[in-house]
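Numbering of residues begins at 1 and proceeds along the displayed sequence.
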Amino acid sequence: MAHQITSASNPLIKTLKTLHMKKGRAETGLFLAEGARLAVEASELGVWPEILVYAPAAMERPQVRALIAEAEKRRVRVIETNESILGQISKRDNPQTVIGAYKQHLAPLDSLEGETIVALEGIRDPGNLGTILRTADSTGAGGVVLIGETCDPFSVEAVRASMGSLFAMPLARASFEELLRYKTSRGSEMSGLSLKGAMADANAPAPKRLIILMGNEQSGLPPHMESACDVLVKLPMRGRADSLNLAIATGVMLYDVWRRRGYDGARA
């Protein structure tokens, strides 16, 4: 049965509140994901939280009742609390009625499969990272690789922006040298986005295996990474803007590759 907690000074509630901070996530190995939909989608992928906190109002939905019943069977620590405490955990005035604390997980680089992999060098904005995870998921990419110093993919902002795709999209960390070894072992081509590049041939077939390499939001790809790419691509610009947000640019690259593969496997 769910344990009831109604005090914000309870040690477990205090621990959950620390997960907004990188230090708290590092010390516990946990991260927060908000909302019943995300918890249900994660469970469908076989991912269950260590702690599941909910408000009584959430039990009005059959899907949530089933989720909580199964979580209890799996020995998840299930806590019933009030919306005031949920608001303190999520730091929102109108919190979700279900919040899960999940174990952080990074996939080994060599385990990433699929025709297209996204590699992000020095990404700093967690909103961009979460959106890229969501877009990579929507286009059927095989994984996302973080290169160098990056923002925390398990921050609340990144998890929110991913809209649940953090649970579905394999995520790895690697050095650039490790990425190059992976590229060679997989027989992949690597395409980098750069102002030094040329516009891609819209009618050219996409490589069988491809790594899309995207640079830092402010500075783009460093020269040694550009030199390692098989192709440098420049996105066409028609209006006054001379650049795109990183997440948007990555989405354009992913959908262009998918289009050149004939939208293979697209859902109607």
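The pair Arg261-Asp256 does not count as a salt bridge, with every side-chain nitrogen at least 4.0 angstrom from each carboxylate oxygen. Ion pairing between Glu41 and Arg37 holds under the 4.0 Å rule for side-chain N and carboxylate O. Using a cutoff of 4.0 Å between basic side-chain nitrogens and carboxylate oxygens, Glu226 and Lys196 are scored as salt-bridged.
For the ring pair (Phe, Tyr, Trp, His ring centres under 6.0 Å) test, no residue two or more places apart in sequence or in another chain qualifies with Tyr182. Not counting sequence neighbours, the partners of Tyr102 by the ring pair (Phe, Tyr, Trp, His ring centres under 6.0 Å) test are Phe31, Phe167. A search for side chain to side chain contact (heavy atoms under 4.5 Å, CB included) contacts involving Glu121 returns Ile147, Asn216, Leu221, Pro222, Met225, not counting sequence neighbours. For Arg186, the salt bridge (Lys or Arg N to Asp or Glu O under 4.0 Å) partners at least two apart in sequence or on another chain are Glu113.
Note that CG of Leu12 and OG of Ser7 are 11.5 Å apart. Values are rounded to the nearest 0.5 Å. With values rounded to the nearest 0.5 angstrom, Leu210 atom CG is found 5.5 Å from Ser191 atom OG. Going from atom OG1 of Thr184 over to atom CE of Met190 covers 9.0 Å, rounded to the nearest 0.5 Å. Note: Glu178 CD to Lys183 NZ = 16.0 Å, rounded to the nearest 0.5 Å. With rounding to the nearest 0.5 angstrom, the OG1 atom of Thr6 is 7.0 Å from the CG atom of Asn82. How far CG of Leu171 is from CG of Leu146: 4.5 Å, rounded to the nearest 0.5 Å.
Remark: the backbone N or O of Pro223 is paired with a side-chain donor or acceptor of Ser227 at under 3.5 angstrom. Under the 3.5 Å distance criterion, the side-chain polar atoms of Glu72 are matched with a main-chain donor or acceptor of Ala2. A donor-acceptor contact shorter than 3.5 Å is absent between the side chain of Arg92 and the backbone of Gly87. With hydrogens and angles disregarded, a donor-acceptor distance shorter than 3.5 Å links the side chain of Arg260 to the backbone of Ala204. One N or O on the side chain of Arg259 and one on the backbone of Ala202 form a donor-acceptor pair closer than 3.5 Å.
Using a 4.5 Å heavy-atom cutoff, the side chains of Pro95 and Ile89 are not in contact. Side-chain contact between Val118 and Thr250 is present, with heavy atoms from C-beta onward closer than 4.5 Å. Using a 4.5 Å cut-off on side-chain heavy atoms (C-beta onward), Phe176 and Val145 make no contact. With a 4.5 Å cut-off on side-chain heavy atoms, Arg181 and Leu179 do not count as touching. Between Ile212 and Val257, the closest side-chain pair of non-hydrogen atoms falls below 4.5 Å. Proximity of Thr97 to Tyr54: side-chain heavy atoms (C-beta onward) are nowhere separated by under 4.5 Å. Counting heavy atoms from C-beta outward, Lys208 and Glu115 have side chains that stay 4.5 Å or more apart. Considering only heavy atoms from C-beta on, Met199 stays 4.5 Å or farther from Val233 through its side chain.
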Query raised in the report: Taking it one step at a time, do Leu32 and His20 satisfy side-chain contact (heavy atoms from CB on, under 4.5 Å)?
Result: CA-CA 8 Å; Leu32 293 177; His20 276 268; 3.9 Å; yes
Requested in this report: Kindly determine whether Lys234 and Ser194 satisfy side-chain contact (heavy atoms from CB on, under 4.5 Å), including the steps that lead there.
Outcome: CA-CA 6 Å; Lys234 180 180 179 180; Ser194 171; over 6 Å; no
Query raised in the report: Given Glu189 and Arg209, is the side-chain contact (heavy atoms from CB on, under 4.5 Å) satisfied, shown in steps?
Result: CA-CA 6 Å; Glu189 293 187 27; Arg209 291 191 177 96; over 6 Å; no
Query raised in the report: Given Val98 and Val64, is the side-chain contact (heavy atoms from CB on, under 4.5 Å) satisfied, shown in steps?
Result: CA-CA 9 Å; Val98 175; Val64 174; 4.1 Å; yes
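Looking at every heavy atom in both residues, Pro170 comes nearest to Leu112 through CB-CD2, 3.5 Å. When all heavy atoms of Leu30 and Glu50 are compared, the closest pair comes out as CD2-CG, 3.6 Å. Contact record, Glu217 with Gly122: OE1-O, 4.1 Å, taken as the closest heavy-atom pair. A pairwise comparison of heavy atoms in Glu83 and Ala57 identifies OE2-CB, 4.3 Å as the closest pair. Between Val144 and Ala136, the shortest heavy-atom distance links the atoms CG2-CB, 3.9 Å. Between Leu129 and Cys151 the shortest heavy-atom distance is CD2-SG, 3.8 Å.
Glu70 CD: more than 12 foreign heavy atoms inside a 6.0 Å radius. Within 6.0 Å of CZ on Arg173 lie more than 12 heavy atoms contributed by other residues, nucleotides or ligands.
Placement of Leu86 and Ile51 within a single hydrophobic cluster is found when ILVMFWY residues are connected by side-chain heavy-atom separations under 4.5 Å, directly or transitively. Cluster membership check: Leu133 shares its hydrophobic cluster with Leu254, using side-chain heavy-atom separations under 4.5 Å among Ile, Leu, Val, Met, Phe, Trp and Tyr. No continuous path of ILVMFWY side-chain contacts below 4.5 Å connects Leu213 to Leu246, so the two sit in separate hydrophobic clusters. Hydrophobic clustering of Ile, Leu, Val, Met, Phe, Trp and Tyr side chains at less than 4.5 Å, counting indirect connections, keeps Tyr255 apart from Ile248. There is a path of hydrophobic side-chain contacts, each under 4.5 Å, that joins Leu193 to Leu244.
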Scan the side chains in residues 158-166 for donor-acceptor partners under 3.5 Å anywhere in the protein, sequence neighbours excluded, and list what turns up.
| from | atom 1 | to | atom 2 | distance (Å) |
| --- | --- | --- | --- | --- |
| Arg160 | NE | Glu34 | OE1 | 2.6 |
| Arg160 | NH2 | Glu34 | OE1 | 3.3 |
| Arg160 | NH2 | Glu34 | OE2 | 3.0 |
| Arg160 | NH2 | Ser90 | O | 3.1 |
| Ser162 | OG | Val159 | O | 2.9 |
| Ser162 | OG | Leu166 | N | 3.4 |
| Ser165 | OG | Asp137 | OD2 | 2.8 |
| Ser165 | OG | Ser162 | O | 3.4 |

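Within the structure, side chain to side chain donor-acceptor pair (under 3.5 Å) pairs that include any residue of residues 238-247 comprise Asn128-Asn245 (at least two apart or interchain).
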